[in-house]
Amino acid sequence: MAQGAKKADQEKAAELAKSTEEERVAAEKASEIENAKAAAAEQERNQAEAQAASGIAKAENPQDDGAKLAALSQPSPAGPSKAELSQNIQSELRRVGCYTGSASSEWTAAARQSLVRFNQSLGLKLDVNNVSTDTLEAVKRRSTRVCPLACEHGFRVDGERCVKIVCRAGSVLNDDNECESKRAPPPRQAKPARREPAQAAASTVPPDRVSQREICKRRCQDVRAACNARRGGYFNGCGMEASACTASCN
């Protein structure tokens, strides 16, 4: 009997504890519901106050809405003009070493050629006849030199600049941009005095023993000797004179 009574007390205690726990859970749920309702009410009150304040501000400053509408109705700013694109592209091409002239608002032949060099260096196919924002962006993306440095005649490459070539004394700059020794002018040869063949023959052989044919041949020999003495051989009609002399002797 004692054990039965003890078991009954234990069961009652367990039921009481269970009932107490259920009441506690129900109270917590009710509290959560009340808190949620209070938060919703607070949010609604805040929204109402914000709307009321916005209405008062609009009533005090009605021009704000007009300003906003005007700003929205304005067209977006247009892109750069062709003149601006041309100048900007030339400036960028100069920066990467493909253009050596001054940036201009005109898309000149020199500017087109510089863009050709840019395309060839990178294997691109940008339109060289027309300027565009795509071309400008393509050149802007390059942070280092693209085209090799090219110097004018009389200058050489020194790092990233062109320096003037100075030849030492006695040398001159040739067409290949190289220094070479000056060529001394050929010495001028004195023109031999021309003597009449007949007189020369007469000075060595008596006139009565010299035939006309021998005189003619000696004259031709003197003419050829004079021609050979001249620089360059038979020039300035000397060849014609020697040929005519030979023909007349034969």
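The distance from atom CG of Leu93 to atom CZ of Arg112, rounded to the nearest 0.5 Å, is 13.0 Å. Here CD of Glu137 is found 10.0 Å from CD1 of Ile89. Values are rounded to the nearest 0.5 Å. How far CG of Leu115 is from CD of Gln120: 10.0 Å, rounded to the nearest 0.5 Å. For the atom pair Asn119 CG and Arg117 CZ, the distance stands at 12.0 Å (nearest 0.5 Å). Within the model, atoms CG of Asp158 and CZ of Arg156 stand 5.0 Å from one another, a figure rounded to the nearest 0.5 Å. How far CG of Asn88 is from CG of Leu136: 5.5 Å, rounded to the nearest 0.5 Å.
The environment of Gln47 atom CD is dense: over 12 non-hydrogen atoms of other residues, nucleotides or ligands sit within 6.0 angstrom. Around the CZ atom of Arg168, the shell of radius 6.0 Å holds no more than 12 heavy atoms that belong to other residues, nucleotides or ligands.
For the pair Ser91 (side chain) and Gln87 (backbone), a donor-acceptor distance under 3.5 Å is present. Put simply, the side chain of His153 never gets that close to the backbone of Asp176: no donor and acceptor are under 3.5 Å apart. In this structure, Ser171 contributes its side chain and Cys167 its backbone to no donor-acceptor pair below 3.5 Å. A donor-acceptor contact shorter than 3.5 Å links the side chain of Asn177 to the backbone of Phe155. Remark: the backbone N or O of Ala83 is not paired with any side-chain donor or acceptor of Trp107 at under 3.5 angstrom. Of the possible donor and acceptor atoms, one in the side chain of Arg145 sits under 3.5 Å from a partner among the backbone N and O of Cys147.
Nearest heavy-atom pair across Thr133 and Pro80 is CG2-CG, 4.3 Å. Closest approach of Arg142 to Leu122, counting heavy atoms only: NE-CD1, 3.4 Å.
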- Query: Do Thr108 and Gln113 pass the side chain to side chain contact (heavy atoms under 4.5 Å, CB included) test, and can you show the C-alpha distance, the side-chain angles, and the key distance before you say yes or no?
  - Reply: CA-CA 9 Å; Thr108 61; Gln113 186 60 33; over 6 Å; no
- Message: Could you walk me through whether Arg24 and Glu21 satisfy the salt bridge (Lys or Arg N to Asp or Glu O under 4.0 Å) test, starting with their C-alpha distance in whole Å, then the side-chain angles of each, then the deciding distance to 0.1 Å, before giving a yes or no?
- Response: CA-CA 5 Å; Arg24 186 184 65 79; Glu21 180 65 19; 2.3 Å; yes
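Alongside Ile165, the hydrophobic cluster contains Leu173 (criterion: ILVMFWY side chains under 4.5 Å).
For Arg45 and Glu49, the salt-bridge test passes: some basic side-chain N is under 4.0 Å from an acidic carboxylate O. Between Arg95 and Glu92 there is a salt bridge, since a side-chain N of the basic residue sits under 4.0 Å from a carboxylate O of the acidic one.
Val96 and Val157 fall into different hydrophobic clusters, defined by Ile, Leu, Val, Met, Phe, Trp and Tyr side-chain heavy atoms under 4.5 Å apart, directly or through other members.
Between the side chains of Gln90 and Ser86, at least one donor N or O sits under 3.5 Å from an acceptor N or O.
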